[in-house]
Amino acid sequence: MTSRRLTLILVLAAVCGALVSAQRGRGSIRIQAGEECPPGTTLTRPGECSRPELPPPTIVDYRPRSTLVTAEHKVPKAKYPVVDNHNHTNITAANIEQIIAEMDALNLRVLINLTGGDAAGVKQKMDFIRASKYPNRFRVFANVNWNNADAPGWADRAVKDLEQAVANGAIGLKIFKQLGMDTRRSDGSRQKIDDPVLEPVWDACARLNIPVIIHTGEPQEFFSPIDMHNERWLELALYPSRRQNAPGGPSFDDLMGERDRMFKANPKTRYIGAHFNWYGNNLGRAAKQLDETPNLVLEVAAVLYDFGRQPRGARDFFIKYQDRILFGKDSYAAEEYPYYWRVFETSDEYFDYYRNYHAFWKLYGMDLPDAVLKKLYYQNALRVTPGLPHDGWDR
Ligand SMILES: [Zn+2]
């Protein structure tokens with residue numbers, strides 16, 4: 001071999017080596033199994049982290065445009081009429097015509113305002129609804145004041161007011177998330193959800209044949225450290241009041257445990273777990289709970305992002321438990337309902353959700369069978385809540 005040929009080979013080898021190391025990224029860092037990439041770097045190969053050469057956008061600003069070309073089936077109107085079992089809209093002379101027009105366009109037949117208030121509040125709302133042109137399109141649930149529930153006479157007063165609220169037209173009882181998180185006993189301690197002092201109210205609901213819809217706690221990650229592993233980081237960064245990780249407060253499992261024991265201790269009372277009891281991200285846990293708690297149904301408000309990211313598992317679950325799931329939305333926004341219809345009714349893939357801070361991921365359709373859609377949209381609600389208007393439904 002001549003020395004010129006040797007030089008050429010050495011030069012070629014050096015060029016190849018430089019190309020390989022350029023491909024490995026500038027300043028790449030090796031990590032061991034179980035280690036994470038250091039801040040500012042990302043995993044580019046198994047065991048290898050690299051630092052982007054360009055300044056990275058923040059998660060607030062990063063909005064990649066999808067190049068996926070695939071079938072789209074927007075669903076502006078639900079396939080069957082719908083009962084929204086979880087709403088908070090007070091119907092007034094000022095908004096009723098616009099809301100009816102929106103409900104008709106969406107195929108929302110009945111809207112249930114869960115913020116009915118005490119007996120007097122329910123009366124004022126139901127008197128307006130009954131006297132309106134649309135007496136069968138709106139209903140209200142009553143609320144109970146749980147403060148100082150351990151004080152003498154509380155249970156009698158609470159039950160009397162609830163009975164009067166039902167006489168005034170309330171068709172259920174709503175429990176807000178304050179019970180368990182903020183509500184206090186007379187000594188200032190936290191009122192637990194499974195405290196037997198609350199039982200006279202559960203008994204009254206069974207006797208009055210009304211369901212109890214309960215919202216307990218917050219999504220699991222609201223109780224976790226707000227760091228770059230928290231999948232709700234953006235929401236927690238945007239909304240300080242949603243952070244539940246202050247020391248001394250109840251944990252996610254404390255609250256879920258209290259609520260779930262209360263369901264079981266009161267088998268004659270019919271409960272609706274709002275927001276899927278926050279088990280939408282763990283359908284195995286939801287299935288076990290439904291199997292063990294025959295007096296419970298679940299409601300889907302504000303957890304669409306959990307079904308839409310596991311469309312096959314969610315589909316199986318909704319088919320298996322088709323008699324145990326109700327529709328609900330929580331915040332009334334006419335432009336948001338069609339996202340629910342699209343997830344439930346289509347097999348569309350990889351489409352946007354309507355709130356970046358709920359879900360930085362895309363949604364997929366569950367393609368539910370018609371018989372399941374009917375149960376989800378209205379048939380289960382008619383069974384669970386006898387006070388709903390029962391005429392005019394296709395059974
Ligand atoms: Zn609500």
Side-chain angles (χ1 to χ4, degrees), residues 82-91 95 99 102-103 106 108 110-118 121-122 125 129 138-146 162 165 170-183 193 201 205 210-223 232 235 238-239 241-244 252 255-256 258-259 262-263 270-281 286 296-307 325-337 339-340 353-355 357-359 376-377 380-381 384-385 387-388:
V82 178
V83 176
D84 183 349
N85 294 277
H86 189 155
N87 216 270
H88 299 284
T89 309
N90 188 27
I91 303 302
N95 64 16
I99 287 179
E102 291 168 349
M103 287 170 67
L106 293 162
L108 270 180
V110 182
L111 203 57
I112 301 180
N113 175 9
L114 299 181
T115 317
D118 61 8
V122 166
K125 293 176 186 71
I129 290 165
F138 305 102
R139 286 293 181 270
V140 301
F141 274 33
N143 310 121
V144 162
N145 182 347
W146 306 97
L162 181 61
I171 62 169
L173 171 66
K174 164 72 188 281
I175 299 161
F176 298 107
K177 64 184 172 189
Q178 279 72 21
L179 182 62
M181 298 211 291
D182 307 307
T183 305
I193 302 161
V201 175
C205 292
I210 57 169
V212 179
I213 183 168
I214 179 164
H215 171 171
T216 300
E218 295 281 17
Q220 188 184 322
E221 283 295 70
F222 288 21
F223 296 82
R232 304 299 279 272
E235 179 164 6
L238 285 165
Y239 300 105
S241 66
R242 300 187 187 179
R243 301 171 196 160
Q244 299 296 332
F252 180 75
L255 292 167
M256 300 300 109
E258 287 173 22
R259 179 202 57 204
M262 183 271 289
F263 291 149
R270 236 165 23 253
Y271 293 98
I272 304 169
H275 310 301
F276 237 65
N277 283 342
W278 301 122
Y279 294 159
N281 61 342
L296 174 70
V297 297
L298 300 175
E299 172 273 311
V300 301
V303 288
L304 186 69
Y305 51 78
D306 271 336
F307 309 129
I325 308 174
L326 308 184
F327 176 77
K329 170 70 176 64
D330 200 355
S331 58
Y332 181 85
E335 67 277 16
E336 293 176 351
Y337 286 90
Y339 290 82
Y340 283 75
Y353 184 59
Y354 53 87
R355 286 187 192 161
Y357 64 80
H358 267 179
L376 168 67
Y377 283 169
N380 291 340
V384 170
T385 309
L388 279 166

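Just follow the structure's listing: the first ligand is 1, and inside any ligand the first atom is 1.
- Classification of the Y354-Y340 ring pair by plane angle, with boundaries at 30° and 60°, yields tilted.
- Metal site remark for the Zn ion (ligand 1): H275 contributes no N, O or S atom at a distance under 2.8 Å.
- Each of E299, E218, H215 was evaluated against H275; a single residue qualifies, H215, per the side chain to side chain donor-acceptor pair (under 3.5 Å) test.
- Between E102 and Y332, the side chains place a donor N or O and an acceptor N or O closer than 3.5 Å (distance only, hydrogens not considered).
- The Zn ion (ligand 1) sits nearest to atom OD1 when only the N, O or S atoms of D330 are considered.
- Seen from the Zn ion (ligand 1), atom NE2 on H86 and atom NE2 on H88 lie at an angle near 110° (rounded to 10 degrees).
- Ion pair E336/R355 flagged as a salt bridge, since at least one NZ, NE, NH1 or NH2 atom sits closer than 4.0 Å to an Asp/Glu carboxylate oxygen.
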